[in-house]
There are 2 protein chains.
Amino acid sequence: MLKAKTKNEFKDYLLAQGLKSTSQRELILEEFLRAGSHLSTEELYLRLRKKQPRIGYATVHRTLKLFSECGIAERRHFGDGQARYEACARDEHHDHLICVDCGKIVEFEDPRIEKLQDEVACSNGFAIERHRLELYGHCQDCRSK
Amino acid sequence: MLKAKTKNEFKDYLLAQGLKSTSQRELILEEFLRAGSHLSTEELYLRLRKKQPRIGYATVHRTLKLFSECGIAERRHFGDGQARYEACARDEHHDHLICVDCGKIVEFEDPRIEKLQDEVACSNGFAIERHRLELYGHCQDCRSK
DNA sequence: GCTCCGTTGAAAATGAATTTCAATTTAATC
DNA sequence: GATTAAATTGAAATTCATTTTCAACGGAGC
Ligand SMILES: [Mn+2]
Ligand SMILES: [Mn+2]
Ligand SMILES: [Zn+2]
Ligand SMILES: [Zn+2]
């Protein structure tokens with residue numbers, strides 16, 4: 001099971017860093033994996049409070065940061081002023097289509113675009129480390145309304 | 001002259017909106033056009049203070065917002081936590097290469113990438129309104145150091 | 001000059017992200 | 001199981017860019 005694997009990954013990371021496994025961290029990872037992707041800290045925090053009203057925002061924030069550091073999550077910004085986190089399958093990459101009406105986020109991957117990006121970077125003397133491609137527009141549903 | 005044209009454009013916009021032409025607004029536009037692109041509010045503000053120490057940060061901020069509204073400037077975010085503005089030639093578009101070492105920003109345009117973006121969006125039922133493509137890496141200069 | 005109303009700049013407010021710190025919990029050691 | 005050192009927690013404070021407030025000011029038409 002994928003969740004179990006990720007949970008072990010996290011525990012291993014904590015151990016390796018001399019950090020501790022806590023009930024909060026377990027709970028946050030559990031809920032992070034259960035919830036859909038692209039959640040903000042606030043959104044995850046609110047979901048968690050329903051299960052554990054005493055959880056602190058700072059703890060959620062710090063734990064998401066831990067997830068990023070150990071490769072479980074990736075931090076994104078889609079221009080609405082707050083960071084969003086998504087679970088990331090290792091060694092995979094995708095870009096995003098974002099509906100400016102309803103906020104829907106669709107993921108895509110296009111090797112042709114990636115290749116052209118490398119080409120452009122190369123011809124400008126750059127060695128690419130990462131990139132960011134976001135397409136903003138109106139989704140099918142919103143257009144047919 | 002391009003600057004003169006932009007200045008007139010701005011005056012026309014102000015007039016059309018029932019806004020006023022002021023010495024501050026003229027000064028800010030002058031300096032914005034003189035300075036290189038991709039400046040943050042803070043950077044422009046500091047430059048302006050050397051010429052007019054009484055200028056207010058809020059005025060610079062509001063005026064940059066006006067520039068955006070009337071199509072003279074475009075607001076960008078390159079992930080360093082502050083917005084940057086660049087003068088935009090009307091109906092032109094470009095994307096960015098950003099050096100993560102020295103902060104250098106190189107502009108590029110690739111119709112092939114743009115075309116593929118449309119294709120991807122289309123096949124996902126999206127009508128694209130705008131997009132954002134940023135390539136982060138190490139520039140030639142920084143690599144040879 | 002007079003008046004209306006938009007503008008200005010200092011200061012305050014906002015909001016997401018991050019840090020502080022005393023109390024608490026974990027996990028290693030006895 | 002008790003002891004202890006060190007990490008963690010959560011509330012509150014802080015940070016930092018951005019945005020707003022508001023009283024004084026200034027531009028434009030009369
Ligand atoms: Mn995604
Ligand atoms: Mn540019
Ligand atoms: Zn939609
Ligand atoms: Zn460089």
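Per chain, numbering begins at 1; letters A, B, ... match sequence-line order.
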Please list every donor-acceptor pair under 3.5 Å in which a side-chain atom of residues 19-29 of chain A meets a protein atom from a residue at least two apart or in another chain.
from, atom 1, to, atom 2, distance (Å)
Thr22(A), OG1, Arg25(A), N, 3.1
Arg25(A), NH1, Lys20(A), O, 2.7

Between side-chain atoms of residues 57-66 of chain A and protein atoms elsewhere (two or more places apart, or another chain), which donor-acceptor pairs fall under 3.5 Å?
from, atom 1, to, atom 2, distance (Å)
Arg62(A), NE, Ala58(A), O, 3.4
Thr63(A), OG1, Thr59(A), O, 2.7

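A straight line from CG of Leu64(B) to P of dT19(D) spans 11 Å, rounded to a whole angstrom. Rounded to an integer number of Å, the gap from Leu15(B) CG to dG6(C) P is 14 Å. Distance OH (Tyr85(A)) to C1' (dA17(C)): 9 Å, rounded to an integer number of Å. For Arg84(A) and dA17(C), the CZ to C1' distance is 15 Å, given to the nearest whole Å. Taking atom CD on Glu26(A) and atom C1' on dT9(D), their separation rounds to 15 Å, with Å as the unit.
Side-chain rings of Phe67(B) and Tyr85(B) stay apart, their centers remaining 6.0 Å or farther from each other. In this structure, His96(B) has its ring center at least 6.0 angstrom away from the ring center of His131(A).
The two residues Glu109(A) and His94(A) make their nearest non-hydrogen contact at CG-CA, 4.2 Å.
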Tabulate atom names and distances for all N/O pairs under 3.5 angstrom spanning the protein and nucleotides 7-10 of chain C.
from, atom 1, to, atom 2, distance (Å)
dT7(C), OP1, Lys20(B), N, 3.1
dT7(C), OP1, Arg25(B), NH1, 2.3
dT7(C), OP1, Arg25(B), NH2, 2.8
dT8(C), OP1, Thr22(B), OG1, 2.5
dT8(C), O3', Gln24(B), NE2, 3.0
dG9(C), OP1, Gln24(B), NE2, 3.4
dG9(C), OP1, Arg54(B), O, 3.1
dG9(C), OP2, Gly56(B), N, 3.1
dG9(C), OP2, Thr59(B), OG1, 2.7
dG9(C), O5', Arg54(B), O, 3.4
dG9(C), N7, Arg62(B), NH2, 2.5
dG9(C), O6, Arg62(B), NH1, 3.2
dG9(C), O6, Arg62(B), NH2, 3.4

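Applying the salt bridge (Lys or Arg N to Asp or Glu O under 4.0 Å) test to every pair with at least one member in residues 136-145 of chain B, sequence neighbours left out, gives these pairs: Lys104(B)-Asp141(B). Counting only residues at least two apart or in different chains, salt bridge (Lys or Arg N to Asp or Glu O under 4.0 Å) contacts with residues 70-79 of chain A comprise Glu74(A)-Arg76(A), Arg76(A)-Glu86(A).
The phosphate of dT19(D) (OP1 or OP2) has a side-chain N or O of His61(B) nearer than 4.0 angstrom.
For DNA chain C, the neighbouring residues in residues 67-82 of chain A, judged by any heavy atom under 4.0 Å, are Arg75(A), Gly81(A), Gln82(A).
Counting heavy atoms of neighbouring residues, nucleotides and ligands inside a 6.0 Å radius, atom NZ of Lys3(A) exceeds 12 of them.
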